[in-house]
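Only heavy atoms go into these numbers, but all of them, side chains included; no hydrogens, no water, no symmetry mates. Note that this is a predicted model, so its numbers are computed, not measured.
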Amino acid sequence: IRRIGREFLSLRCGPSRGETSHPSIVVCLSSAMELYCSLSNVVPEQPVLSPVSGCVFERRLIEKFVGETGNDPVNSQPLTVEQLIDIKTSPIVRPRPPSATSIPAILKLLQDEWDAEMLHSFTLRQQLQTARQELSHALYQHDTACRVIARLTKEVTAAREALATLKSQAGYVQVAPAAAAAGPADTLANEEAMDDGIAGPTEMTEEIIERLQQTASKLTAERKKRGKKPPEGLASIEELATYKQSSSHPGLHSASVPGILSLSVNERMGRVVTGGADKNVVVFERDTEQIVCTLKGHTKKVTSVIYHTDKNVVFSASPDSTIRLWTVANSHCQHIIKAHDGPVTGLSLQATGDYLLSCSSDQHWAFSDVTTGRVLAKVTDPSINDDLTCAQFHPDGLLFGTGSKDSVVKIWDLKEKANVANFPGHSGSITDIAFSENGYFLATAADDSTVKLWDLRKLENFRTIQLEGRYEVKSLSFDSSGNYLAIGGTDIRLYHCKKTWNQLATFDDHAAPVTGVAFGKNASYVVSASMDRHLKFYTAQ
């Protein structure tokens, strides 16, 4: 072995002084030959050769010895791990120990291995159960955290909305001292006190009828005087064709109960009032883009709103069977009119500005005095077979129309309180009606995806706008001149009210059905509200 080591070293390090180099030396160990570790005297698994002593060692033993002493164990000469030389041999298969050469011994080994596996499996099952418990606890904590985050987010949203309302009202809206100091019992007492003035319907007096007649005659004369000439400053057809969304306001109503259900515009003040699914009425100013006030009092969603044309007063109606009259300046509810026994579905302000028309699912329409809060008339008819869904005054104020779920539009004479004409033809519940300012045309919409136009002079349908697909029509509105018609529903469409009734523009900016659409002064802008909680304005670009 030592000779082989010296020859191996001579091959690696070259010949010593005075010796000639071997051209090629191959050291070959017989496969039958065995190497023994000089330390353990056992056949090594990883044999290495020490160049200092020429002995063979087991690598792990010699590395440990050299690491402790730094010398060769045979001759105590300095030695490092880097100097050790690997010897490549065939893999060694150790023979089984004598204790594993008999069948009983083998069975004992197998039994021991089986027991060890079972113990290991039991340990793994315990670890799995612990991991499941920890995971369950973590998921519970995560779910609890999500609930807390959702609650806090809702509270933050409500707080932001309240803050925005307070900012917009700071220095402008004053709360009535009595209302501010009143508790729930006092509030209920106040509402009962307001109800005392509207104990029951009363007949319209001759003075009221005479006033209505005089107003109608005056408006008819003014209309004839104006003729067919468009008013000065009215937006042209070309301008309407260029209208695009100019602003969008999502923060008017609560995000927790999303949806704006109704809309009305005061052209003189440049304000918009909306009614929401959150039971609130919100007054918004277009120029400052600020909320003027939020009116709270209804116990159910607000489905109809009207902004008075000349006064800073708002009317609202709800399925809670009440109509409320609000003074915007102090956010005070002036009157609560309980004219119906069912949800109030429609409102319309009479041309004098002192009387209000309402309809309900109780199949009655009512005529009320907004100054006193009294109901002057409450009427139904044997021909009404289903719930009333909408109502609208004629521009002159002596006629009005109602729509119902049985697809019929009825025209009524206010003085006689009688049904004077019927317009059948729709195949679904009537969703909205609108009279043109010229006094001749009536537009009606229903769940059959159509808008029908009626000539009130001939009492006939002269045009039907068929909307493609399952188009939902929710709102109709003529501008103040009667030259343009807006249709709101699946989207918003503007039409020119002439012989061809051409479509001028389409707006599809809302992410949900449009529930209200209206024109601004001289059609200078279009405003819309939707179930997506946004109030949007469209102007010329």
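Residue-environment remark: CD (Glu206) stays at or below the threshold of 12 foreign heavy atoms within 6.0 Å. Counting heavy-atom neighbours within 6.0 Å of Tyr471 OH, excluding the residue itself, gives a total above 12. The local environment of NZ in Lys452 is crowded, with over 12 non-hydrogen atoms from other residues, nucleotides or ligands closer than 6.0 Å. Environment of CZ in Arg470: sparse, with no more than 12 heavy atoms of neighbouring residues, nucleotides or ligands closer than 6.0 Å. More than 12 heavy-atom neighbours from other residues, nucleotides or ligands sit within 6.0 angstrom of CZ on Arg151.
A salt bridge links Lys405 with Asp387: the closest approach of a Lys/Arg side-chain nitrogen to an acidic carboxylate oxygen falls below 4.0 angstrom. One finds a salt bridge joining Arg211 and Asp354 here, because a Lys/Arg side-chain nitrogen approaches an Asp/Glu carboxylate oxygen to under 4.0 Å.
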Stepwise, does the side-chain contact (heavy atoms from CB on, under 4.5 Å) test hold for Tyr484 with Leu504?
CA-CA 9 Å; Tyr484 305 114; Leu504 303 178; 3.8 Å; yes
Under the criterion side-chain contact (heavy atoms from CB on, under 4.5 Å), I'd like the reasoning laid out for Phe423 against Leu459: C-alpha separation, chi angles, the key distance, then a yes or no.
CA-CA 8 Å; Phe423 292 146; Leu459 298 179; 3.7 Å; yes
Could you go step by step and tell me if Trp326 and Val313 meet the side-chain contact (heavy atoms from CB on, under 4.5 Å) rule?
CA-CA 6 Å; Trp326 307 88; Val313 174; 6.0 Å; no
Going through the distances and angles, do Glu468 and Arg493 end up as a salt bridge (charged side-chain N to carboxylate O under 4.0 Å, His left out)?
CA-CA 13 Å; Glu468 69 281 354; Arg493 304 186 183 191; 2.4 Å; yes
Given Lys474 and Glu472, is the salt bridge (charged side-chain N to carboxylate O under 4.0 Å, His left out) satisfied, shown in steps?
CA-CA 6 Å; Lys474 300 294 185 182; Glu472 298 182 42; 3.5 Å; yes
Before giving the answer on salt bridge (charged side-chain N to carboxylate O under 4.0 Å, His left out), spell out for Asp413 and Lys417 the whole-Å C-alpha distance, their side-chain angles and the decisive distance to 0.1 Å.
CA-CA 5 Å; Asp413 185 323; Lys417 291 178 277 189; over 6 Å; no
Between Phe367 and Gln350, is a side-chain contact (heavy atoms from CB on, under 4.5 Å) present by the stated rule, with each step listed?
CA-CA 9 Å; Phe367 184 69; Gln350 209 270 342; 4.3 Å; yes
Output, in order, the C-alpha distance, side-chain angles, deciding distance and verdict of side-chain hydrogen bond (donor to acceptor under 3.5 Å, both in side chains) for Thr402 and Trp412.
CA-CA 8 Å; Thr402 60; Trp412 301 79; 2.9 Å; yes
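Remark: the backbone N or O of Lys218 is not paired with any side-chain donor or acceptor of Arg223 at under 3.5 angstrom. Using a distance-only test at 3.5 Å, with no hydrogens or angles considered, no donor-acceptor pair links the side chain of Thr327 to the main chain of Ala329. A donor-acceptor contact shorter than 3.5 Å is absent between the side chain of Asn280 and the backbone of Thr294. In this structure a side-chain-to-backbone donor-acceptor pair under 3.5 Å is present from Asn419 to Ala421. The main-chain N or O of Asp532 is found under 3.5 Å from a side-chain atom of Ser530 such that the two form a donor-acceptor pair. Between the side chain of Thr515 and the backbone N or O of Ile260 there is at least one donor-acceptor pair closer than 3.5 Å. Side-chain atoms of Thr431 come within 3.5 Å of backbone atoms of Val473 as a donor-acceptor pair (strictly under, hydrogens ignored). At distances below 3.5 Å, not a single donor-acceptor pair connects side-chain atoms of Asp386 with backbone N or O atoms of Ser404. One N or O on the side chain of Ser318 and one on the backbone of Lys301 form a donor-acceptor pair closer than 3.5 Å. Looking at His534, its side chain never comes within 3.5 Å of a backbone N or O of His510 through a donor-acceptor pair.
Using a 4.5 Å cut-off on side-chain heavy atoms (C-beta onward), Tyr495 and Val451 make no contact. For the pair Met531/Leu261, a side-chain contact is recorded, criterion being any heavy-atom separation below 4.5 Å from C-beta on. Proximity of Pro258 to His253: side-chain heavy atoms (C-beta onward) are nowhere separated by under 4.5 Å. For the pair Ile487 and Val517, the minimum side-chain heavy-atom distance is 4.5 Å or more. The shortest side-chain heavy-atom distance between Val409 and Leu442 falls under the 4.5 Å cut-off.
A donor-acceptor contact closer than 3.5 angstrom is absent between the side chains of Glu239 and Thr242. Donor-acceptor pairing under 3.5 Å is recorded for the side chains of Thr220 and Asp396. Side-chain polar atoms of Thr322 and Lys338 form no donor-acceptor pair below 3.5 angstrom. Thr444 and Trp454 share a donor-acceptor pair across their side chains, judged by distance under 3.5 Å alone. For the 3.5 Å distance criterion, the side chains of His496 and Asn502 fail to qualify, holding no donor opposite an acceptor. Asp479 and Ser481 are linked by a side-chain donor-acceptor pair at a separation below 3.5 angstrom, with hydrogens and angles left out of the test. Residues Thr299 and Lys279 have side chains that never bring a donor and an acceptor to within less than 3.5 angstrom of each other.
Here the shortest heavy-atom pairing between Leu453 and Ala443 reads CD2-CB, 3.7 Å. The heavy-atom pair separating Ser383 from Lys410 by the smallest distance is OG-NZ, 3.2 Å.
Atom CD of residue Glu416 and atom CG of residue Leu398 lie 10.5 Å apart, to the nearest 0.5 angstrom. How far CD of Glu210 is from OG1 of Thr215: 9.5 Å, rounded to the nearest 0.5 Å. Leu263 CG to Ile306 CD1: the interatomic distance, rounded to the nearest 0.5 Å, is 11.5 Å. The structure places CZ of Phe400 at 9.5 Å from SG of Cys359, a figure rounded to the nearest 0.5 Å. A distance of 3.5 Å separates CD1 of Ile492 from OG of Ser528, quoted to the nearest 0.5 Å. Here the straight-line distance linking atom CD of Gln214 with atom OG1 of Thr352 works out to 11.5 Å at 0.5 Å rounding.
Both the sub-6.0 Å distance and the 45° axial angle are not jointly satisfied by Arg271 relative to the ring of Tyr307. Annotation: cation-pi pair Arg324/Phe315 absent, no NZ/CZ under 6.0 Å from the ring centroid and within 45° of its normal.
Of the candidates Val375, Leu357, Leu325, Ser368 forms a side-chain contact (heavy atoms from CB on, under 4.5 Å) with just one, namely Val375.
Taking the six-membered ring for Trp and thresholds of 30 and 60 degrees, Trp501 and Phe478 have ring planes more than 60 degrees apart, a perpendicular arrangement.
Taking the six-membered ring for Trp and the full ring otherwise, Tyr538 and Phe507 have centroids separated by under 6.0 Å.
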